Undergrad: 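Following this message is one structure expressed as structure tokens.
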Amino acid sequence: MSAKPTYSFKTLFFEATRDCNFSCPMCMASSNNKPLVAQSMKKQLTTEEIEEYVFKGGREITLDTITWSGGEFILRPDAIELVHMATAYGYSSIVTTNGAYMDRAKLMELKRASGNTVVIAVGINSIDEKNVETRDIDCDVALEVLELCAELDVRRNVVVTIGKHNLDTLGSTLDWLEKKGIPYNRSPFTPRGSGDAFREELAFTSENMERSIHPELRKHPLGYISYTPFFLSPEVHDRYSKGSKNVTVPQNPSIGCWCGTWLAMTAEGDVAPCAIMLDDVTCGNVREKSLHDIVHTSETFQRILDREQLQGKCGRCRCKFTCGGWRALAY
């Protein structure tokens with residue numbers, strides 16, 4: 001009888017609080033739902049629980065990076081303490097922010113707490129007034145944070161959420177980011193939380209992809225060509241890989257769908273294979289099971305880590321192991 005596989009992960013996307021003090025109608029984490037936020041604040045993991053269940057528990061599944069999100073993570077009174085503790089436990093920290101509460105003092109605190117390794121990920125959907133259509137924040141606020149990061153020598157990154165709201169400004173936004181030398185990720189508008197009411201209004205179509213998004217992404221080497229994550233042909237991956245896999249999901253280098261390299265957690269401790277799935281899929285709660293036990297006993301994790309079980313076009317594709325499609329969007 002073959003031994004059961006040991007699952008390992010690299011990054012935890014941790015929505016550590018739902019609080020953000022904004023009322024953006026298109027928020028994708030329900031942070032504008034005041035009753036939900038109030039209820040969540042009473043149930044969210046404490047500092048001590050995060051140390052026990054995340055920092056200590058993460059070691060058992062080889063986590064090395066924590067992406068702190070929300071809501072607005074730095075609104076947690078213990079945010080700086082958590083980054084400092086994470087660093088002491090050997091984790092790298094990425095802090096996502098809309099910029100509204102991120103000032104010079106806070107950046108310096110995060111820089112010191114992380115040993116000058118923190119990455120600040122700022123959301124910018126358009127380099128103009130259209131930014132407020134989905135972020136409820138003037139673009140100038142986010143740009144000021146990026147300038148402060150450059151001045152203080154703090155690593156920075158931008159997340160561009162693409163949907164129908166910014167199709168006509170995508171090119172100018174990516175041009176601006178590349179001229180400034182700012183790395184960025186592109187992410188599809190995902191109808192989470194209150195954003196679900198805007199599914200038809202904002203979610204792009206295959207025609208939008210073909211006529212607007214794909215042509216712009218092809219012009220910019222820092223962006224991806226399509227909405228399939230970075231992937232390689234099996235032959236090329238075999239040539240350069242050191243063979244490390246999470247069952248059938250390649251990890252060295254990590255390539256393709258994030259499900260299998262990342263996992264996600266809500267402020268209350270519910271765990272899912274991907275942040276996009278947090279509203280719909282719960283594989284267990286860290287107050288009841290360790291991270292190790294959740295990923296090793298959850299049928300969802302076991303199936304999603306075995307790309308032999310992929311069906312449809314992904315299951316027939318020769319690149320199913322080095323790509324895997326996009327499991328959350330498929331779901």
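Owing to the predicted nature of the structure, the values given are computational and were not obtained by experimental measurement.
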Undergrad: For Y89, which residues count as a ring-ring contact (aromatic ring centres under 6.0 Å, His included) partner, sequence neighbours excluded?
TA: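 Checked Y89 against ring-ring contact (aromatic ring centres under 6.0 Å, His included); matches are F55.
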Undergrad: With sequence neighbours left out, what residues match R76 under salt bridge (charged side-chain N to carboxylate O under 4.0 Å, His left out)?
TA: D78
Undergrad: Look at atom CD of E235 and say whether more than 12 heavy atoms of other residues, nucleotides or ligands are closer to it than 6.0 Å.
TA: yes
Undergrad: Let me have the donor-acceptor pairs involving side chains of residues 146-154, under 3.5 Å, with sequence neighbours excluded, atom names and distances please.
TA:
from, atom 1, to, atom 2, distance (Å)
E151, OE1, R104, NH2, 3.3
E151, OE2, R104, NH1, 2.8
E151, OE2, R104, NH2, 3.1

Undergrad: Would you mind listing every salt bridge (charged side-chain N to carboxylate O under 4.0 Å, His left out) that reaches into residues 300-316, with sequence neighbours excluded?
TA: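 Qualifying pairs: E308-K320.
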Undergrad: Go through the structure and list residues passing salt bridge (charged side-chain N to carboxylate O under 4.0 Å, His left out) with K106, not counting sequence neighbours.
TA: E109
Undergrad: By ring-ring contact (aromatic ring centres under 6.0 Å, His included), which residues pair with Y7, not counting sequence neighbours?
TA: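 So Y7 forms a ring-ring contact (aromatic ring centres under 6.0 Å, His included) with H296.
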Undergrad: Can you list the other members of the hydrophobic cluster that holds V119, where links are side-chain heavy atoms under 4.5 angstrom apart?
TA: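 Its cluster mates, by chain and number, are I94.
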Undergrad: By ring-ring contact (aromatic ring centres under 6.0 Å, His included), which residues pair with W262, not counting sequence neighbours?
TA: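 For W262 the ring-ring contact (aromatic ring centres under 6.0 Å, His included) partners, ignoring immediate neighbours, are W258.
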Undergrad: Only counting residues at least two apart or in another chain, list the ones meeting salt bridge (charged side-chain N to carboxylate O under 4.0 Å, His left out) with E216.
TA: K219
Undergrad: For a quick test of reading the model, state the closest non-hydrogen atom pair linking N98 to E72 and the distance between them.
TA: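 Looking at all heavy atoms of both residues, the shortest contact is N-OE1, 3.3 Å.
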Undergrad: Is there any salt bridge (charged side-chain N to carboxylate O under 4.0 Å, His left out) pair reaching into residues 280-293, and which pairs are they, with sequence neighbours excluded?
TA: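 Every salt bridge (charged side-chain N to carboxylate O under 4.0 Å, His left out) pair that includes a residue of residues 280-293, provided the two are not neighbours, is E49-R287.
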Undergrad: Among all residues two or more places apart in sequence or in another chain, which pass the salt bridge (charged side-chain N to carboxylate O under 4.0 Å, His left out) test with R211?
TA: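 E207.
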Undergrad: Extract all donor-acceptor atom pairs below 3.5 Å that involve side chains of residues 56-68 and protein atoms in other chains or at least two apart in sequence.
TA:
from, atom 1, to, atom 2, distance (Å)
K56, NZ, E52, OE1, 3.3
T62, OG1, F9, O, 3.1
W68, NE1, S93, OG, 3.0

Undergrad: Under a 3.5 Å threshold, yes or no: a donor from one side chain and an acceptor from the other, between S172 and D175?
TA: no
